[in-house]
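First comes the structure, then the notes that go with it.
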Amino acid sequence: MAVSDHVDLPTFMEGVKKRNPYQPEFVQAVQEVAEDIFDFMADKEQYHAQQILRRIAEPDRVVSFRVCWEDDAGNIRVQRGWRVQNNNAIGPYKGGIRFHPSVTESVLKFLAFEQTFKNALTGLPMGGGKGGSNFNPKGKSVREIMRFCQSFMTELYRHIGADVDVPAGDIGVGGREIGYMFGQYKRITNQFTGVLTGKGLEWGGSLIRTEATGYGAVYFLANMLATKGEDLVGKTAVISGSGNVATHAAEKIVQLGGKVLTLSDSGGYIHDPDGIDQAKIDWVKDLKNVRRGRIEEYVAAFPKASFVKGKTPWGVPCDVALPCATQNELLGEDAKMLVANGCKAVAEGANMPTDLDGVHTFKAAKILYAPGKASNAGGVAVSGLEMSQNSERRSWKEEELQQMLKDIMLGIHQSCLEYGDQGGGYTDYVKGANIAGFKKVADAMLAFGVV
Ligand code: GLU
């Protein structure tokens with residue numbers, strides 16, 4: 001028998017840290033998964049012998065490239081672009097593209113790692129990947145955005161394909177950017193394929209893809225509450241972010257009878273004690289997608305609301321919380337405050353918004369807490385459905401897709417219950433999601449041997 005990898009968790013993490021210096025986000029994401037998987041693997045020799053976790057935590061490849069573009073003033077600008085192809089054991093690499101100045105290789109490696117488990121949880125055949133650039137879209141003209149997207153795709157196109165790797169949107173990349181990138185891909189390759197998701201409805205996109213991440217997160221939240229015999233009617237919700245995920249999460253909370261108190265962006269948060277209803281949500285969508293403004297402008301339009309500069313909204317008392325902005329936006333002390341204020345349930349719309357301290361706080365308090373890889377999987381799930389529709393060359397109806405999204409979120413919830421039930425009525429959703437996602441990918445990898 002070969003020497004197996006029966007190292008303990010601290011030794012395993014020591015190795016991860018050593019091999020990934022200066023990549024704190026990636027190390028954090030691996031740590032959160034490894035904490036649960038080590039327990040699960042304790043009596044499963046084959047996972048150790050085949051070094052499965054070690055292999056999932058080493059991306060299949062990381063492609064890094066230069067992206068040159070010319071700004072409106074004629075200056076030549078240079079950005080770095082990446083595609084991290086983490087794992088394709090159960091399907092083509094799949095995951096979004098993020099344009100934000102905070103993007104680093106560490107951030108994209110953590111996102112691609114998380115995506116691997118998330119995509120497995122959806123039950124659809126998708127591996128895990130992620131890409132992006134440190135390009136800052138804020139303040140750029142539409143022509144500059146277009147030129148950047150085209151330049152980015154001029155390199156990326158050789159690494160992707162409908163059966164190879166299928167990118168989509170993420171922070172800073174929405175329908176407009178997907179359009180520019182798809183146009184460039186088509187121009188270079190002369191192929192009209194389902195190489196990207198999040199496309200426009202006229203050119204291969206899927207209904208409800210835009211709404212799916214936010215709606216899915218609220219479906220998941222409702223599923224969690226239902227285990228306690230509760231629903232969202234009359235519940236107050238604190239939401240961070242004001243982009244695609246946050247506004248659609250808010251919309252679904254309102255539709256299910258809840259009251260949304262906050263939204264935010266990197267400048268601070270707005271608190272509207274009257275509740276952010278559908279008309280106000282539509283106003284925010286227009287502010288962010290059309291006028292490209294800042295959330296603080298909300299208080300001029302709705303004077304009963306207040307704007308709190310430079311702060312996150314976690315101190316506002318609420319029944320449920322949905323972090324829908326970005327990684328590490330909810331820290332240990334925020335988690336303590338939420339719990340102390342009586343928050344019953346947290347469903348993450350963003351990827352890894354809660355830091356490790358916060359995760360441990362929610363787990364210790366035994367509240368209903370869903371990690372992003374479970375609760376925000378609705379977006380990539382509908383991306384998976386977009387891929388199927390592209391392969392079939394047809395478009396499914398909205399009702400069919402709505403039902404599929406609900407069923408997928410319920411399926412993920414059930415997987416979490418199956419692997420996360422701790423007895424005494426407490427479900428550790430982090431553990432459930434980690435184990436269910438890991439098991440599927442790991443078993444596929446075992447079938448392939450050492451590759
Ligand atoms: N960026 C989204 C996520 O974090 C969606 C990815 C996709 O649709 O491929 O899951």
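This chain uses plain numbering: 1 for the first residue, then up along the sequence. Counting convention: from 1, in listed order, for ligands and their atoms alike.
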Side chains of Glu32 and His360, donor plus acceptor under 3.5 Å
no

Looking at Trp283, does the NZ or CZ of Arg291 lie under 6.0 angstrom from its six-membered ring centre and within 45 degrees of the ring axis?
yes

If the cut-off is 4.0 Å to any non-hydrogen atom of Gly95, which atoms of ligand 1 fall inside it?
9 (O)

With a 4.0 Å cut-off on heavy atoms, is Gly198 touching ligand 1?
no

heavy-atom search around atom 8 (O) of ligand 1 in the protein gives Ser383 OG, 2.6 Å

Closest to atom 6 (C) of ligand 1 among protein heavy atoms sits Gly96 N, 3.6 Å

Geometric cation-pi criterion, Lys140 with Phe135: 6.0 Å, 45°:
yes

Relative to the heavy atoms of Lys130, which atoms of ligand 1 are at a distance of less than 4.0 Å?
1 (N), 3 (C), 4 (O)

For Tyr269 and His271, take the angle between the two ring planes, folded into 0 to 90°, and tell me which bin it lands in: parallel under 30, tilted 30 to 60, perpendicular over 60.
tilted

For Ala168, atoms of ligand 1 separated by under 4.0 Å from a heavy atom:
7 (C), 8 (O), 9 (O)

Would Asn351 count as a polar contact of ligand 1, with the cut-off being nitrogen or oxygen pairs under 3.5 Å?
yes

Atom 1 (N) of ligand 1 - nearest protein heavy atom and its distance:
Asp170 OD1, 2.8 Å

Residue pair Phe148, Gln79: steps toward the side chain to side chain contact (heavy atoms under 4.5 Å, CB included) verdict
CA-CA 9 Å; Phe148 180 79; Gln79 245 75 46; 3.8 Å; yes

Quick test: of every protein heavy atom, which one is nearest to atom 10 (O) of ligand 1, and how far off is it to 0.1 Å?
Lys118 NZ, 2.7 Å

For Lys94, take its heavy atoms, then give the atoms of ligand 1 lying under 4.0 Å from any of them.
7 (C), 8 (O), 9 (O)

For Gln115, is the nearest heavy atom under 4.0 Å from an atom of ligand 1?
yes

Could you tell me whether ligand 1 has any atom less than 4.0 Å away from a heavy atom of Arg209?
yes

Where is the tightest heavy-atom contact between Lys431 and Asp36, given as atom of each residue plus distance?
CA-OD2, 3.2 Å

Side-chain (Asn119) to main-chain (Lys94) donor-acceptor, under 3.5 angstrom:
yes

Mark yes or no: Lys186 above the aromatic ring of Phe192, with NZ or CZ under 6.0 Å from the six-membered ring centre and no more than 45 degrees from the axis.
no

